[in-house]
Protein chains: 2
Amino acid sequence: MPMNEALQGIADGGHAAHAHTGAWVAGVLRARISAGQLPPGSKLSEQKLSEALGVSRNTLREAFTVLAGESVVQRIPNRGVYVAAPGADDVREIYRVRRLIEPAAVLWGDIDEAALAGLEAIMDKAQAARVTASVQGMADANQDLHKALVALSGSASLSDLMEKVLAEMRLVFHAMGPTPDFHSHYVDRNVALVAQLRAGQRDEAAAGLRRYLDDSEQELLVHLGVAPSSGR
Amino acid sequence: MPMNEALQGIADGGHAAHAHTGAWVAGVLRARISAGQLPPGSKLSEQKLSEALGVSRNTLREAFTVLAGESVVQRIPNRGVYVAAPGADDVREIYRVRRLIEPAAVLWGDIDEAALAGLEAIMDKAQAARVTASVQGMADANQDLHKALVALSGSASLSDLMEKVLAEMRLVFHAMGPTPDFHSHYVDRNVALVAQLRAGQRDEAAAGLRRYLDDSEQELLVHLGVAPSSGR
DNA sequence: GCCGCAAGATTGTTCAACAATCTTTCGGCG
DNA sequence: CGCCGAAAGATTGTTGAACAATCTTGCGGC
């Protein structure tokens, strides 16, 4: 289990004493998990982690409660907490959410000039990343775009939910090992989507987005070794 | 502050020893808050509550972390935790969420015969409650209906979000004191909505639902003493 | 009447201990 | 040889006490 080296020096830039230590620990773990340094399925031992982070078991448990609430980790009673390891069912749930809130935000969100400019700026970054073949850059831009789409709703709760969903997406990618390039052939579709929004064609944009999400889900499921189903 | 009497006998049916005490405490508090026995704004003192519930301060804090994650309570550093007291901004945020996910579920959810029967059964209960002038019955049926609408999406995360939103709605009502009858004049609109779904008129149902939510939000805001705005 | 300061109360965090449960190991038995 | 079961060890769940940091309150001085 590659946990020990991942934890080495985890408590780098000394923590701000006496100010939300529990939340700080949760943040550190969330970041490490998002970065893939704590791979899905890893066991997070209370004793080892509390020593590595320099906090008490009690405080660490508070952080675990937070992360379990975000379903970033899974808590099995009397057995410990593990980094969440999303499977095919979780992927389907992720896309159920995305296929509902993203097109809805596109249909009914507040799309003003500033929002359009923001979306176009993100797609500029995505295209630049494709030119330099930066898989990470394209992945980041893709996440930024879909986050921005949901943000059109103006709702913080929905943005939070989207953030949670995207975090779970990152876990899915980490669970698949060396990330293949999932994004380059979606850049053009994203660009077209933004162009439709610029043109005020919301219905077409929403419909295209739903097809995009269907395709993306199928591709992910295939990579997870699930036979593609014709119906849903 | 009417906290002491509200806490009397809060630890009734002896709790299952050594089995998720933290979650159990969170559940007890959640229920008491939903029922209005701990009104919005009440301070939840660690010492008093831990004594009343018969758990240690540490375990109680774990429950607080859970409830804060659900934004059922608000945690102010070094000052304590308080039952959330939603204001006008929170109401607007609630309706931003509802106006997005409910119509979207109506538009794109899986509506089979069983789902339609379930919706119609809920409206039967609502109409029965209206006949007996049961405000509580109509309020419950209303929540059940909108919960069921979101459930059409098939997504557990979205149902959870809706559950959270409805819990916040209950807090809003509790903060307004003796609940006036907000629901009787919406029963017919809900019935019409279900009838449209039965007839397969999804677009019309979604559009009507959005208007319904707009009106409901305005009415709530007026009762909160906010001048109605023409635009949004 | 207002400001500042000391005393008290409350929250934030840690530590140590024990109970309950899970895991592993080892011996007995068919 | 393999399987079952019990004892031993490790890990999680919960508690209580202790102390530091912060907030609140009440009092005295100006």
Side-chain angles (χ1 to χ4, degrees), chain A residues 1-4 6-7 10-11 13-29 38 41-69 71-85, chain B residues 1-4 6-7 10-11 13-29 38 41-69 71-85:
Chain A
M1 194 179 299
M3 189 174 62
N4 287 333
L7 256 44
I10 207 170
H15 60 284
H18 247 289
H20 289 322
T21 315
W24 173 77
V25 171
V28 170
L29 291 179
L38 297 175
S42 321
K43 168 157 186 161
L44 301 177
S45 152
E46 295 193 352
Q47 187 176 336
K48 288 181 188 170
L49 257 185
S50 62
E51 286 175 17
L53 291 166
V55 300
S56 79
R57 259 182 71 209
N58 254 323
T59 304
L60 180 63
R61 282 178 127 276
E62 200 171 315
F64 280 165
T65 304
V66 172
L67 296 177
S71 53
V72 169
V73 302
Q74 188 189 8
R75 206 167 199 171
I76 305 179
N78 292 316
R79 304 244 331 235
V81 317
Y82 299 80
V83 177
Chain B
M1 194 175 298
M3 190 175 61
N4 287 332
L7 257 43
I10 208 171
H15 60 286
H18 248 290
H20 288 319
T21 314
W24 173 77
V25 172
V28 170
L29 292 178
L38 298 175
S42 320
K43 169 156 184 160
L44 302 177
S45 153
E46 296 192 351
Q47 187 176 335
K48 289 181 188 171
L49 256 186
S50 62
E51 285 174 17
L53 291 167
V55 299
S56 80
R57 257 184 72 212
N58 256 321
T59 304
L60 180 62
R61 283 178 126 275
E62 199 173 315
F64 281 165
T65 305
V66 172
L67 296 176
S71 55
V72 169
V73 302
Q74 187 187 8
R75 206 167 199 170
I76 305 178
N78 292 317
R79 305 241 335 233
V81 316
Y82 299 80
V83 177

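Residue numbers start from 1 in every chain, and the chains themselves are labelled A, B, ... in the order their sequence lines are given, proteins ahead of strands.
Residue B:Leu29 forms a side chain to side chain contact (heavy atoms under 4.5 Å, CB included) with just one option from B:Leu49, B:Val72, B:Val73, and that option is B:Leu49. B:Leu60 pairs in a side chain to side chain contact (heavy atoms under 4.5 Å, CB included) with only one of the listed residues (B:Val81, B:Leu53, B:Thr21), which is B:Leu53.
Taken from CG in A:Leu44 to CG in A:Leu38, the straight-line distance is 6.0 Å, to the nearest 0.5 Å. Taking NE2 of B:His20 as the reference point, atom OG1 of B:Thr59 lies at 13.0 Å (rounded to 0.5 Å). Distance CD/A:Glu62 to OG1/B:Thr65: 3.5 Å, rounded to 0.5 Å.
In this structure, CD of A:Glu51 is placed 11 Å from P of D:dT11, rounded to the nearest angstrom. At whole-Å resolution of the value, CZ in B:Phe64 and C1' in C:dT11 are 11 Å apart. Atom CD of A:Glu62 and atom P of D:dT15 are 15 Å apart (whole Å). B:Asn78 places its CG atom 11 Å from the C1' atom of C:dT13, with the value rounded to the nearest Å. Counting to the nearest Å, the P atom of D:dG9 and the CD atom of A:Gln47 are 16 Å from each other. Rounded to an integer number of Å, the gap from CG of B:Leu53 to P of D:dT14 is 14 Å. Atom pair B:Ile76:CD1 and D:dC23:P shows a separation of 11 Å (rounding to whole Å applied). In this structure, CG of B:Leu60 is placed 14 Å from P of C:dT10, rounded to the nearest angstrom.
Contact detail for A:Ala85 and A:Gly41: the closest heavy-atom pair is CB-N, 4.1 Å.
Proximity note for A:Glu46 (side chain, C-beta onward) versus C:dG12, D:dT11, D:dG13: the nearest is D:dG13.
When only modelled atom types and interatomic distance are considered, A:Ser50 and A:Arg61 share no side-chain donor-acceptor pair under 3.5 Å.
Along DNA chain C, the nucleotide nearest to A:Tyr82 and the one nearest to B:Gly80 differ in position, and the one closer to the 5' end is contacted by B:Gly80.
Taking 4.0 angstrom as the limit, A:Thr21 places a side-chain polar atom (N or O) nearer than this to OP1 or OP2 of C:dT13. Listed pair B:Lys43 / C:dT11 meets the phosphate criterion, a side-chain N or O lying under 4.0 Å from OP1 or OP2. In this structure, A:Arg79 does not reach the C:dT21 phosphate: none of its side-chain N or O atoms is under 4.0 Å from OP1 or OP2. Within the 4.0 Å cut-off from OP1 or OP2 of D:dT15, at least one side-chain nitrogen or oxygen of B:Thr59 is found.
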Shorter than 3.5 Å, N or O on both sides, protein versus nucleotides 15-17 of chain C: list them out with atom names.
{"from": "C:dC15", "atom 1": "N4", "to": "A:Asn58", "atom 2": "ND2", "distance (Å)": "2.7"}

